[in-house]
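Everything on this sheet refers to the single structure shown next.
This chain uses plain numbering: 1 for the first residue, then up along the sequence.
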Amino acid sequence: QVQLVESGGGLVQAGGSLTLSCAASGRSFITSALGWFRQAPGKGREFVAAVSSDGRDTNYADSVRGRFIISRDNTKKMVNLQMHNLNPEDAGVYYCAAANLRIPTSRSVYYNYWGQGTQVTVSA
């Protein structure tokens, strides 16, 4: 099993940057792809970014590619999401998740473990 705890959310003005972190525990973390999803009020949860178990491959939603960077540190059991040039459309609750495969899939069905979420608010 994998336990995930997000942190780093907060209020940022449009055009600003924010970095989210996720602390993980459990041996399966090493062989699990990790992803970030977000959910805006009244909307469904959407894929943001994912990184393979070894950290070599990444996958980004078109809306964030070039602005967000996902990375992981398996020694620290951490996964981060650097967010740059934020806009109001990026606001929402961000969730860290661990998949039951190594590939950085965008499909939420493969993610078995989820964090509690951290709020990101972007002011215009």
Side-chain angles (χ1 to χ4, degrees):
Q1 296 186 346
V2 178
Q3 297 180 60
L4 305 167
V5 180
E6 304 96 333
S7 63
L11 174 65
V12 62
Q13 69 178 59
S17 300
L18 197 65
T19 297
L20 306 181
S21 297
C22 177
S25 63
R27 286 183 174 272
S28 60
F29 169 88
I30 301 174
T31 56
S32 298
L34 299 174
W36 286 94
F37 293 77
R38 67 188 182 190
Q39 187 168 19
K43 301 185 68 177
R45 187 170 299 182
E46 67 172 340
F47 170 76
V48 176
V51 60
S52 61
S53 59
D54 60 7
R56 293 184 176 181
D57 300 315
T58 57
N59 187 9
Y60 296 94
D62 290 341
S63 61
V64 307
R65 186 175 295 108
R67 298 189 298 121
F68 290 13
I69 302 173
I70 187 171
S71 62
R72 68 187 294 164
D73 185 337
N74 286 346
T75 61
K76 295 182 178 180
K77 292 187 175 181
M78 297 282 293
V79 59
N80 298 318
L81 182 69
Q82 298 177 59
M83 305 184 293
H84 301 286
N85 194 24
L86 288 162
N87 57 65
E89 288 69 46
D90 294 315
V93 178
Y94 282 68
Y95 298 89
C96 174
N100 63 352
L101 75 167
R102 299 173 184 268
I103 301 172
T105 179
S106 63
R107 300 183 62 183
S108 61
V109 67
Y110 290 106
Y111 292 87
N112 296 326
Y113 306 99
W114 297 80
Q116 83 289 348
T118 185
Q119 179 71 49
V120 173
T121 303
V122 183
S123 61

Given L86 and L18, is the side-chain contact (heavy atoms from CB on, under 4.5 Å) satisfied, shown in steps?
CA-CA 8 Å; L86 288 162; L18 197 65; 3.9 Å; yes
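- Put simply, V48 and V122 are part of the same group of oily side chains (I, L, V, M, F, W, Y) that touch within less than 4.5 Å, one to the next.
- Put simply, the residue from I69, L81, L34 that forms a side chain to side chain contact (heavy atoms under 4.5 Å, CB included) with V51 is L34.
- For the pair F29 and A24, the tightest heavy-atom approach, listed with the atom from each and the gap, is CD1-CB, 3.3 Å.
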Under the ring-ring contact (aromatic ring centres under 6.0 Å, His included) criterion, do Y95 and F37 qualify, and how do the steps go?
CA-CA 5 Å; Y95 298 89; F37 293 77; 8.8 Å; no
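- In this structure, the separation between CD on Q82 and OG on S71 is 5.5 Å, given to the nearest 0.5 Å.
- A side-chain hydrogen bond (donor to acceptor under 3.5 Å, both in side chains) check over residues 112-124, counting only residues at least two apart or in different chains, returns the pairs E6-Q116.
- Ring-plane geometry between Y94 and F68 is classed as tilted, the angle between the planes lying from 30 to 60 degrees on a 0 to 90 degree scale.
- When the side chains of ILVMFWY residues are joined at heavy-atom separations under 4.5 Å, either directly or via intervening members, V79 and L4 end up in two distinct hydrophobic clusters.
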Given side-chain contact (heavy atoms from CB on, under 4.5 Å), test M78 with S21 step by step and report yes or no.
CA-CA 7 Å; M78 297 282 293; S21 297; 3.8 Å; yes
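- Atom CG of L101 sits in a crowded spot, with more than 12 heavy atoms from other residues, nucleotides or ligands closer than 6.0 Å.
- Residues A91 and A40 approach most closely at O-CB, 3.9 Å, considering heavy atoms.
- A donor-acceptor pair is defined here as one N or O able to donate and one able to accept, closer than 3.5 Å; no such pair exists between the side chain of Y111 and the backbone of A33.
- Judged by distance alone, the side chain of N87 and the main-chain N or O of A124 form no donor-acceptor pair under 3.5 Å.
- Looking only at distances, a side-chain donor or acceptor of N59 sits under 3.5 Å from a matching main-chain atom of P104.
- The minimum heavy-atom distance linking K77 with S25 is given by the pair CD-CA, 4.5 Å.
- Looking only at distances, a side-chain donor or acceptor of R65 sits under 3.5 Å from a matching main-chain atom of Y60.
- Contacts classified as disulfide bond (SG atoms under 2.5 Å apart) and involving residues 21-87 (residues at least two apart or in different chains) are given here: C22-C96.
- Separating the OG atom in S52 from the CD1 atom in I103 is a distance of 9.5 Å, to the nearest 0.5 Å.
- In this structure, the side chains of D90 and R67 come closer than 4.5 Å at one or more pairs of heavy atoms.
- Between the side chain of R102 and the backbone N or O of S32, no donor-acceptor pair lies under 3.5 Å.
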Just do the salt bridge (charged side-chain N to carboxylate O under 4.0 Å, His left out) check on R72 and D54 with the steps written out, would you?
CA-CA 8 Å; R72 68 187 294 164; D54 60 7; over 6 Å; no
With side-chain contact (heavy atoms from CB on, under 4.5 Å) as the test, would you mind laying out the steps for R38 and E46 before giving the verdict?
CA-CA 5 Å; R38 67 188 182 190; E46 67 172 340; 2.7 Å; yes
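- A donor-acceptor distance shorter than 3.5 angstrom exists from the side chain of D73 to the backbone of K76, with no hydrogens or angles considered.
- Contact of the L20 side chain with the M83 side chain is registered, since non-hydrogen atoms from C-beta on lie closer than 4.5 Å.
- In this structure, R107 has no side-chain hydrogen bond (donor to acceptor under 3.5 Å, both in side chains) partners at least two apart in sequence or on a different chain.
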